[in-house]
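By convention here, the first residue in the shown sequence is residue 1.
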Amino acid sequence: MGITRVAIAGSTGSIGKQTLEFIEQSQEQFQVVGLGIGSSAEAVIEQAKQWKPSVIAVADESARREVANALPGVEVIADQATLAESADVVVNGVVGFAGLPVTMSTLKLGKRLALANKESLIAAGPVVQPLRKIKGAVIIPVDSEHCAIHQCLRSSDRADVEVNKLLLTASGGPFRGRTQESLQQVTVEEALKHPTWSMGPKITVDSSTLMNKGLEVIEAHELFGTSFDRIEVVVHPQSVVHSMVEFTDGAVIAQLSMPDMRLPIAYALSFPKRATVPFGTVDWKTFARLDFEAPDTQTFSCLNLAFAAGRVGGTAPAWLSAANEVAVEAFLNGSITWSRIAEVIDATMQHHDGLVPSIIEDILHADALARKFAVLELSK
Ligand code: MG
């Protein structure tokens with residue numbers, strides 16, 4: 001096998017930067033052919049000087065002009081979704097629902113998708129699933145938990161009948177062990193202080209509410225076809241066990257490594273091989289024990305909201321994810337308190353119309369409608 005051509009959507013975000021860090025150490029195996037961003041012109045110009053991609057996608061118009069002027073000879077386009085054309089694998093590191101076109105087009109073109117953008121699969125599961133049947137279209141999850149499950153499942157060649165349960169681990173976030181009352185006055189700064197993972201602001205707030213885990217439950221259901229009754233969340237504060245699979249004979253297989261997103265990125269880019277540079281190697285001297293406990297769903301009600309939306313199915317996960325994006329953005333810009341995030345999502349879900357999507361327009365409609373209700377809830 002020759003060199004793997006990689007395109008990175010969301011290249012200046014947390015996942016994008018860590019993808020380039022991995023490739024930097026494996027340059028004989030990978031070539032960066034495309035970079036995609038929303039509007040961070042300066043940052044992508046820097047990246048392009050080092051990586052020399054043949055195409056750069058820039059969504060924002062004035063940023064696009066800036067990039068084109070700075071990099072004569074490089075094709076500068078508007079749409080990140082077309083990055084898949086010149087690549088063998090596309091890393092989708094776009095934040096939120098905006099990542100959907102990249103997910104769809106990569107699979108449609110029969111390319112491998114290294115999926116860090118969980119929202120696209122969660123919101124649009126019913127329209128993304130059929131695309132996975134296209135020859136060459138394969139999703140390798142970059143989310144650490146799903147990457148772990150993907151690895152654990154490789155221990156069975158009859159996973160469809162041998163898996164009893166997926167056990168998703170959760171760090172519990174910065175507010176683990178806190179009471180509802182004590183969380184009334186938390187600041188944005190406190191919510192952004194994740195104890196074990198370094199990630200972008202949206203997902204870090206999602207971790208503090210346990211919505212990230214809730215979204216990951218739906219993501220696991222979509223990726224592995226496991227029913228919600230067979231997915232369980234286990235709080236594990238050290239974030240060393242990244243998830244586990246329990247088989248029908250009671251055996252549990254787990255994947256362990258120190259929390260480092262470059263490992264799941266490297267796994268997805270190298271699959272079916274193993275990456276040859278190690279990230280997150282366990283230093284057994286640094287911790288004396290591994291703890292596990294049940295999640296506090298009373299205080300962190302977002303987890304139950306996600307299970308409920310997942311079980312309803314159809315467009316309910318799209319509504320959940322959209323309402324969450326609106327609420328998290330409002331929290332980050334200071335217009336609502338942390339405790340209001342779950343309330344806004346819950347209230348938005350009361351308006352869900354039960355639509356079952358069959359085409360992408362149904363998903364876009366559901367997303368827009370849910371955002372409208374969520375924005376109305378913000379001002380209440
Ligand atoms: Mg995760």
Report summary line: Contacts satisfying salt bridge (charged side-chain N to carboxylate O under 4.0 Å, His left out) that involve residues 288-306 (not counting sequence neighbours) are Arg176-Glu293, Arg289-Asp291
Query raised in the report: Does a salt bridge link Glu61 with Arg65, judged by any charged N lying under 4.0 Å from a carboxylate O?
Result: yes
Name every donor-acceptor pair, under 3.5 Å, that has one atom in a side chain of residues 368-380 and the other anywhere in the protein, sequence neighbours excluded.
from, atom 1, to, atom 2, distance (Å)
Arg371, NE, Asp367, OD1, 3.2
Arg371, NE, Asp367, OD2, 2.8
Arg371, NH2, Glu325, OE1, 3.1
Arg371, NH2, Asp367, OD1, 3.2
Glu377, OE2, Lys380, NZ, 3.0
Ser379, OG, Leu376, O, 2.9

Pairs under 3.5 angstrom only: tabulate donor-acceptor contacts from the side chains of residues 27-36 to other protein residues two or more places apart or in another chain.
from, atom 1, to, atom 2, distance (Å)
Gln27, NE2, Glu24, O, 3.2
Gln29, NE2, Thr276, OG1, 3.3

Query raised in the report: Which pairs with one or both residues in residues 301-311 pass salt bridge (charged side-chain N to carboxylate O under 4.0 Å, His left out), sequence neighbours excluded?
Result: Asp229-Arg311
Requested in this report: Determine whether Val277 and Ile3 fall in the same hydrophobic cluster, where Ile, Leu, Val, Met, Phe, Trp and Tyr are linked whenever their side-chain heavy atoms lie under 4.5 Å apart.
Outcome: no
Enumerate donor-acceptor pairs with a distance under 3.5 Å from any side-chain N or O in residues 212-220 to protein atoms, sequence neighbours excluded.
from, atom 1, to, atom 2, distance (Å)
Asn212, OD1, Lys118, NZ, 2.5
Asn212, ND2, Glu216, OE2, 3.2
Lys213, NZ, Glu145, OE2, 2.6
Lys213, NZ, Thr169, O, 2.9
Lys213, NZ, Glu216, OE1, 2.6
Glu216, OE2, Lys118, NZ, 2.9
Glu219, OE1, His146, ND1, 3.3
Glu219, OE1, His146, NE2, 3.3

Query raised in the report: Under 30°, 30 to 60°, or over 60°: which ring-plane class applies to His221 and Phe228, parallel, tilted or perpendicular?
Result: parallel
Requested in this report: Assess whether side chain to side chain contact (heavy atoms under 4.5 Å, CB included) is satisfied between Leu167 and Glu246, documenting all intermediate values.
Outcome: CA-CA 7 Å; Leu167 297 152; Glu246 182 189 291; 4.2 Å; yes
Requested in this report: Check the side chains of Ser257 and His242 for a donor-acceptor pair under 3.5 angstrom, ignoring hydrogens and angles.
Outcome: yes
Query raised in the report: Has Glu42 got more than 12 heavy atoms of other residues, nucleotides or ligands less than 6.0 Å from its CD?
Result: no
Query - Pair Glu85, Thr82: side-chain N/O donor-acceptor within cut-off below 3.5 Å - result: no
**Report entry** Side-chain H-bond candidate by donor/acceptor type, Asp60 with Ser62, under 3.5 Å
**Finding:** yes
Query - From CA spacing to verdict: side chain to side chain contact (heavy atoms under 4.5 Å, CB included), Thr12, Gln47 - result: CA-CA 8 Å; Thr12 57; Gln47 289 181 338; 3.7 Å; yes
Requested in this report: With sequence neighbours excluded, tell me which residues meet side-chain hydrogen bond (donor to acceptor under 3.5 Å, both in side chains) with Thr226.
Outcome: none
**Report entry** Hydrophobic cluster (4.5 angstrom, side-chain heavy atoms) - remaining members for Ile77
**Finding:** Val55, Leu83
Query raised in the report: Val102 and Ile265: same hydrophobic cluster, using ILVMFWY side-chain contacts below 4.5 Å?
Result: no
Query raised in the report: Out of curiosity, Trp51 CH2 to Ser11 OG, how far, rounded to the nearest 0.5 Å?
Result: 11.5 Å
Query raised in the report: Glu162: what forms a side-chain hydrogen bond (donor to acceptor under 3.5 Å, both in side chains) with it, not counting sequence neighbours?
Result: Ser156, Arg158
Query raised in the report: Can you tell if the side chain of Glu232 reaches within under 4.5 Å of the side chain of Leu168, non-hydrogen atoms only?
Result: no
Requested in this report: State, without any angle test, whether Trp338 and Ser208 hold a side-chain donor-acceptor pair at a distance under 3.5 Å.
Outcome: yes
Query raised in the report: Would you say Phe331 and Thr337 make side-chain contact, with heavy atoms under 4.5 Å?
Result: no
Query raised in the report: Looking only at heavy atoms, what is the nearest atom pair of Ala191 and Pro174, with distance?
Result: O-CG, 3.8 Å
Query - Expected output: side-chain Ser155 to main-chain Cys152 donor-acceptor under 3.5 Å - result: yes
Query raised in the report: Roughly how far apart are Glu66 CD and Arg64 CZ, rounded to 0.5 Å?
Result: 12.5 Å
Query raised in the report: Under a 4.5 Å side-chain heavy-atom rule over Ile, Leu, Val, Met, Phe, Trp and Tyr, are Val6 and Ile56 clustered together?
Result: yes
Requested in this report: Only pairs at least two apart or in different chains count here, so list each salt bridge (charged side-chain N to carboxylate O under 4.0 Å, His left out) that has a residue in residues 195-210.
Outcome: Glu119-Lys202, Lys202-Asp206
Report task. Would you kindly confirm whether Val142 and Met258 end up in one hydrophobic cluster when ILVMFWY residues are joined by side chain heavy atoms under 4.5 Å apart? Result -> no
Requested in this report: Report yes or no: does Ser207 contribute a side-chain atom to a donor-acceptor pair with the main-chain N or O of Ile203 at less than 3.5 Å?
Outcome: yes
Query raised in the report: What pairs with Pro357 under side chain to side chain contact (heavy atoms under 4.5 Å, CB included), at least two apart in sequence or on another chain?
Result: Pro126, Thr315, Asp362, Ile363
Query raised in the report: Can you tell me if Arg112 uses its side chain to pair, donor with acceptor, with the backbone of Gly136 under 3.5 Å?
Result: no
Query raised in the report: What is the distance from atom CG of Asn92 to atom CD1 of Ile8, rounded to the nearest 0.5 Å?
Result: 11.5 Å
Query raised in the report: Taking atom types as modelled and ignoring hydrogens, do the side chains of Asn117 and Ser120 form a donor-acceptor contact shorter than 3.5 angstrom?
Result: yes
Query raised in the report: What is the distance from atom OG of Ser144 to atom CG of Asp260, rounded to the nearest 0.5 Å?
Result: 10.5 Å
Query raised in the report: At what distance, to the nearest 0.5 angstrom, does CZ of Arg230 lie from CG of Leu166?
Result: 10.0 Å
**Report entry** Val245 vs Lys165, side chain to side chain contact (heavy atoms under 4.5 Å, CB included): CA-CA, chis, key distance, verdict
**Finding:** CA-CA 6 Å; Val245 175; Lys165 224 188 254 176; over 6 Å; no
Requested in this report: Verify, without hydrogens or angle tests, whether Ser182 (side chain) and Arg178 (backbone) share a donor-acceptor contact under 3.5 angstrom.
Outcome: no
Query - Pro317 backbone acceptor or donor facing Ser321 side chain under 3.5 Å - result: no
Query raised in the report: Say you draw a straight line from CG of Leu192 to CD of Glu190; how long is it, rounded to the nearest 0.5 Å?
Result: 10.5 Å
Query raised in the report: Are Leu210 and Trp197 grouped together when hydrophobic residues (ILVMFWY) are joined by side-chain heavy atoms under 4.5 angstrom apart?
Result: no
Report task. Give the other cluster members for Leu109, using side-chain heavy-atom distances under 4.5 Å between Ile, Leu, Val, Met, Phe, Trp and Tyr residues; answer none if it is isolated. Result -> none
Requested in this report: Classify the side-chain pair Ser339/Glu343 by whether it contains a donor and acceptor separated by less than 3.5 Å.
Outcome: no
**Report entry** Test side chain to side chain contact (heavy atoms under 4.5 Å, CB included) applied to Phe224 and Val163, step by step
**Finding:** CA-CA 11 Å; Phe224 306 113; Val163 171; over 6 Å; no
Query raised in the report: Counting heavy atoms not belonging to Gln350, are there more than 12 under 6.0 Å from its CD?
Result: yes
Query raised in the report: Counting only heavy atoms not in Gln298, do more than 12 sit closer than 6.0 Å to its CD atom?
Result: no
Query - Heavy-atom donor-acceptor pair, Gln80 side chain to Gly10 backbone, under 3.5 Å - result: yes
Requested in this report: For Gln151, enumerate each residue passing the side chain to side chain contact (heavy atoms under 4.5 Å, CB included) test, keeping only those at least two apart in sequence or located in another chain.
Outcome: Cys147, Gln255, Leu263, Tyr267, Arg274
